[in-house]
Amino acid sequence: MNISLRRGEKLYLNGAVIRADRKVCIELLNDVTFLLENHVMQAKDATSPLRQLYFVVQLMLMSPNDAAAAIDMCRSMLASLNAAFGDPRILNGLAQVAKSVDEKRMFDALKTIRALFPYESEIMSPISKQDSGKAA
């Protein structure tokens, strides 16, 4: 797998943080866990239930040596989210996240969670679908 980094961009690779001092292409020759900087969520941005789940899974990917506690937290969060959401799109996504986490495919879990963000926003929007059709 080839990864292109711009000057100053970071790559999180097997728990290590690598910063490029110039534009560079890195070829990964074996199976590694990595996360590109533009997919990293800061703690302050974990403002919704699915974003908090994303942050926890991200921690497992970025710090594989400390993943045990995060895995327990992730499973607990998945159980709570399954009970809280009724939307089948989110429930199907959460089932896929659980499968990916069980298979230690954290990047796939993150990708699935990111795809669920619009559905969560739709559900948590303060304007209901009924009210959106009314004239002001």
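Not measured: the values here are computed from a predicted model. Values below: all heavy atoms of this structure, side chains included; hydrogens, waters and symmetry mates excluded.
Under the 4.5 Å side-chain contact rule for hydrophobic residues, Met60 and Met62 share a cluster. Hydrophobic clustering keeps Ile71 apart from Leu59 (ILVMFWY residues linked when any side-chain heavy atoms are closer than 4.5 Å, directly or through intermediates).
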N/O donor-acceptor pairs under 3.5 Å from side chains in residues 39-53, not counting sequence neighbours:
residue	atom	partner	partner atom	Å
Ser48	OG	Arg51	N	3.3
Ser48	OG	Glu120	OE1	2.7
Ser48	OG	Glu120	OE2	3.2

Side-chain donor-acceptor contacts of residues 92-106 below 3.5 Å, not counting sequence neighbours, with atom names and distances?
residue	atom	partner	partner atom	Å
Asn92	ND2	Pro88	O	3.1
Ser100	OG	Gln96	O	3.1
Asp102	OD1	Arg75	NH2	3.1
Glu103	OE1	Arg105	NH1	2.5
Arg105	NE	Asp108	OD2	2.7
Arg105	NH2	Asp108	OD2	2.6

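For the ring pair (Phe, Tyr, Trp, His ring centres under 6.0 Å) condition, the pairs that include at least one residue of residues 44-82, sequence neighbours left out, are Tyr54-Phe117. Residue pairs meeting the ring pair (Phe, Tyr, Trp, His ring centres under 6.0 Å) criterion with at least one member in residues 58-114, sequence neighbours excluded: Phe34-Phe107. Applying the ring pair (Phe, Tyr, Trp, His ring centres under 6.0 Å) test to pairs two or more places apart or on separate chains, none has a residue in residues 62-81.
Interatomic distance, CZ of Arg89 versus CG of Leu116, reported as 9.5 Å (0.5 Å rounding). One distance of note links OG1 of Thr112 with CZ of Arg114; it measures 9.0 Å at 0.5 Å rounding.
With sequence neighbours left out, the side chain to side chain contact (heavy atoms under 4.5 Å, CB included) criterion links Leu5 to Ile3, Glu9, Leu11, Ala20, Val24, Ile26, Leu36. Listed by chain and residue number, Val32 satisfy the side chain to side chain contact (heavy atoms under 4.5 Å, CB included) test with Asn30 (two or more places apart in sequence, or in another chain).
Using a 4.5 Å heavy-atom cutoff, the side chains of Lys10 and Arg19 are in contact.
Nearest heavy atom pair, residue Val56 against residue Ala70, reads CG1-O, 3.4 Å. Smallest separation of non-hydrogen atoms from Glu37 and Gly8: OE1-O, 4.1 Å.
Hydrophobic side-chain contacts under 4.5 Å tie Leu29 to no other Ile, Leu, Val, Met, Phe, Trp or Tyr residue.
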